[in-house]
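Data first, discussion second: the structure below is written as structure tokens.
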Amino acid sequence: MHTQVGIIGAGPAGLLLGHLLHLKGIDSVILESRSREYVIDRVRAGVLEQFTADLMTEMGVGARLQREGMRHDGVFLSFAGRRHYVPLAELTGGKAIYVYGQNEVVKDLIEARVATGRPLHFEVEDVSVYDIDSTSPRVRYAANGKQEELTCDFIAGCDGFHGICRPTIEKAARFYDKTYPFGWLGILAEAAPSSEALVYTYHECGFSLFSMRSPKITRLYFQVPPDEDINQWPDEAIWDEMLKRMTTHDGWKPNVGAILNKGVTAMRSFVTEPMSAGRLYLAGDAAHIVPPTGAKGLNLAAFDVLHLGRAIAAFYSSGKTDLLDQYSDTALKRVWRAQRFSWWMTQTLHRFPDENPFDYKRQLTDLDYIVSSRAALTSLAENYVGLPVDAAL
Ligand code: FAD
Ligand code: DHB
């Protein structure tokens with residue numbers, strides 16, 4: 001079997017890339033190790049930057065996002081018992097964020113892929129890549145108990161942080177890594193959101209975040225130790241902790257409801273440099289991860305594949321490899337900006353086990369400065385909605 005681009009992983013990066021290539025008339029095969037249901041049901045990101053929402057619309061896969069996604073013109077920063085509104089759109093010339101679950105994004109992209117009739121194989125096993133330094137790299141995998149081999153012009157490693165592509169280029173790459181001494185316990189609750197905007201809270205007991213998925217579903221997180229066992233948290237204890245951290249002096253708090261899903265996520269910053277070797281190109285979490293505090297991971301994946309798709313299309317139309325050669329540098333520039341912002345949001349809003357009273361006062365003062373300075377608020381806002389992208393499809 002031969003295809004122009006072998007795409008490993010059907011998360012947001014792999015599915016978006018497959019559709020971008022389809023729009024340029026380039027064929028691809030997408031290989032995914034999990035089942036379709038598992039990929040759709042996985043509860044993860046919720047916030048799309050303006051750029052990501054616009055990209056989906058331009059690609060013709062944004063109709064449901066336009067209908068059901070919730071545009072947010074601002075977010076709250078909450079500390080010392082008070083919520084402070086950050087007017088994102090006002091500070092950034094009209095840019096906003098869109099609350100639309102990653103599982104909805106993935107569902108829309110799978111539907112679009114299926115409609116193109118191009119191959120998307122779930123539940124494949126033992127995926128491995130070969131000959132990436134040649135002009136016909138190969139992917140081997142097993143499907144329905146049968147061994148398969150795919151020869152490609154290019155391979156896109158979109159297989160997330162625990163995939164097989166990044167280890168393949170281990171010898172040629174350098175890794176930058178930072179782990180944080182905490183994780184997030186997250187829940188989905190059957191409760192109407194009690195605030196129109198997200199609320200990022202810095203509390204003496206630790207960080208918490210109020211978000212949502214729909215007019216009936218609230219999404220909440222709070223900081224816990226990184227190896228916290230979710231089974232140690234009965235629903236009642238989760239609500240007690242959420243309410244303790246989130247309730248403000250004016251009485252605002254989240255609505256309580258049945259917990260539909262709960263889990264703990266560790267926090268890490270990680271970058272691979274360069275993001276390619278030979279004809280294997282990494283994109284999304286396969287190349288880099290950020291702590292979720294800045295809501296950047298999925299958005300970075302979208303930026304990567306936009307540029308990778310353009311570079312591959314330029315190769316087929318002109319034979320030139322300059323955009324492919326620049327891909328890693330172009331992506332990494334934005335990756336590092338997002339790393340810096342995500343690290344900054346994380347270290348400003350969380351309690352650290354080794355901190356001292358000086359650090360606590362410094363963090364509070366940082367937050368107090370941000371909400372009282374238009375310059376500081378603007379800096380936060382322009383990073384949060386996403387820095388400008390020079391991006392025509
Ligand atoms: P993934 O979504 O990890 O997809 C990779 C795919 O590859 C998976 O389907 C996996 O099953 C498959 N795969 C793995 N190994 C193989 C293999 N060997 N063969 C074949 N397939 C394989 N980002 C935001 O932008 N905004 C947010 O608000 C936000 N909030 C978050 C909240 C939480 C709690 C978490 C955990 C993450 C959040 N993120 C957020 C980050 C975001 O979810 C990720 O950055 C995003 O999923 C990256 O997409 P991806 O396609 O690169 O990787
Ligand atoms: C959500 C997740 C985030 O990481 C974030 O910063 C904001 C919102 C969410 O799941 O809704």
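Counting starts at 1 for both ligands and their atoms, following the listed order. Only heavy atoms go into these numbers, but all of them, side chains included; no hydrogens, no water, no symmetry mates. The structure displayed is predicted, hence computed values, not measured ones.
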What do you reckon, are the aromatic ring centroids of [X] and [Y] less than 6.0 Å apart?
{"X": "Tyr327", "Y": "His307", "answer": "no"}
{"X": "Phe270", "Y": "Phe161", "answer": "yes"}
{"X": "Phe222", "Y": "Trp233", "answer": "yes"}
{"X": "Phe79", "Y": "His203", "answer": "no"}
{"X": "Phe154", "Y": "Phe315", "answer": "yes"}

Proximity to ligand 1 by part of [X], non-hydrogen separation under 4.0 Å:
{"X": "Phe161", "answer": "neither"}
{"X": "Thr265", "answer": "side chain"}
{"X": "Val127", "answer": "side chain"}
{"X": "Lys296", "answer": "backbone"}
{"X": "Ile8", "answer": "side chain"}
{"X": "Leu31", "answer": "backbone"}

Quick one, [X] and [Y] - any side-chain contact, counting heavy atoms below 4.5 Å?
{"X": "Ser28", "Y": "Ile26", "result": "no"}
{"X": "Leu77", "Y": "Tyr85", "result": "no"}
{"X": "Trp184", "Y": "Pro291", "result": "no"}

Look at [atom] and say which protein heavy atom is nearest, naming residue and atom and giving the distance to 0.1 Å.
{"atom": "atom 37 (C) of ligand 1", "value": "Arg44 CB, 4.3 Å"}
{"atom": "atom 16 (C) of ligand 1", "value": "Ser33 OG, 3.5 Å"}
{"atom": "atom 23 (N) of ligand 1", "value": "Leu298 N, 3.0 Å"}
{"atom": "atom 12 (C) of ligand 1", "value": "Glu32 OE1, 3.2 Å"}
{"atom": "atom 8 (C) of ligand 2", "value": "Val47 CG2, 3.5 Å"}
{"atom": "atom 39 (N) of ligand 1", "value": "Ala45 CB, 3.7 Å"}
{"atom": "atom 14 (C) of ligand 1", "value": "Asp159 O, 3.1 Å"}
{"atom": "atom 49 (O) of ligand 1", "value": "Pro12 CD, 3.5 Å"}
{"atom": "atom 4 (O) of ligand 1", "value": "Gly11 CA, 3.4 Å"}

Would you mind listing which atoms of ligand 2 come within a distance below 4.0 Å of any non-hydrogen atom of [X]?
{"X": "Arg44", "result": "10 (O)"}
{"X": "Leu198", "result": "7 (C), 8 (C)"}
{"X": "Thr293", "result": "6 (O)"}
{"X": "Leu209", "result": "3 (C), 5 (C), 6 (O), 7 (C), 8 (C)"}

Can you classify the ring geometry of Phe341 versus Trp344 as parallel (below 30°), tilted (30 to 60°) or perpendicular (above 60°)?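 Ring orientation, 0 to 90° scale: parallel.
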Side chains of [X] and [Y] only: does a donor on one sit below 3.5 Å from an acceptor on the other?
{"X": "Tyr176", "Y": "Arg174", "result": "yes"}
{"X": "Gln363", "Y": "Asp359", "result": "no"}
{"X": "Trp252", "Y": "Ser194", "result": "yes"}

Is [X] close to ligand 1, meaning an N/O of one under 3.5 Å from an N/O of the other?
{"X": "Ala13", "answer": "yes"}
{"X": "His162", "answer": "no"}
{"X": "Ala286", "answer": "no"}
{"X": "Gly163", "answer": "no"}
{"X": "Asp285", "answer": "yes"}

Is there a heavy atom in Arg42 that sits closer than 4.0 Å to ligand 1?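 A heavy atom of Arg42 does come that close to ligand 1.
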Quick test of your reading of the structure: of [options], whose heavy atom lies closest to [atom]?
{"atom": "atom 5 (C) of ligand 1", "options": "Cys158, Gly9, Ala287, Gly294", "answer": "Cys158"}
{"atom": "atom 5 (C) of ligand 2", "options": "Tyr221, Tyr200, Tyr100", "answer": "Tyr200"}
{"atom": "atom 3 (C) of ligand 2", "options": "Pro292, Gly294, Ser342", "answer": "Pro292"}
{"atom": "atom 11 (O) of ligand 2", "options": "Ser211, Gly297, Gly101, Ala295", "answer": "Ser211"}

Would you mind running through ligand 1 and noting each atom that sits below 4.0 Å from a heavy atom of Gly160?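 Reading through ligand 1 atom by atom, the close ones are 3 (O), 5 (C), 53 (O).
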Numbering as shown, the atoms of ligand 1 that approach Asn299 to under 4.0 Å (heavy-atom distance):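 Per the distance check, 24 (C), 25 (O).
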Would [X] pass as a cation-pi partner of [Y], given that its NZ or CZ must be under 6.0 Å from the six-membered ring centre and within 45 degrees of the axis?
{"X": "Arg351", "Y": "Tyr360", "answer": "yes"}
{"X": "Arg140", "Y": "Tyr130", "answer": "yes"}
{"X": "Lys253", "Y": "Phe210", "answer": "no"}

Could you report the tightest heavy-atom contact between Leu198 and Val99, atom names first, then the distance?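 Smallest interatomic distance, heavy atoms only, reads CD1-CG2, 3.8 Å.
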Locate the shortest heavy-atom distance separating Thr218 from Ala191; write the atom from each residue and the value.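 Where Thr218 meets Ala191 most closely, the heavy atoms are OG1-O, 2.6 Å.
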Checking His2 side chain against Thr151 main chain: does a donor-acceptor pair fall under 3.5 Å?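 A pair under 3.5 Å: yes.
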Are any of the heavy atoms in Met345 under 4.0 Å away from ligand 2?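 For ligand 2, residue contact (heavy atoms, under 4.0 Å) with Met345 is absent.
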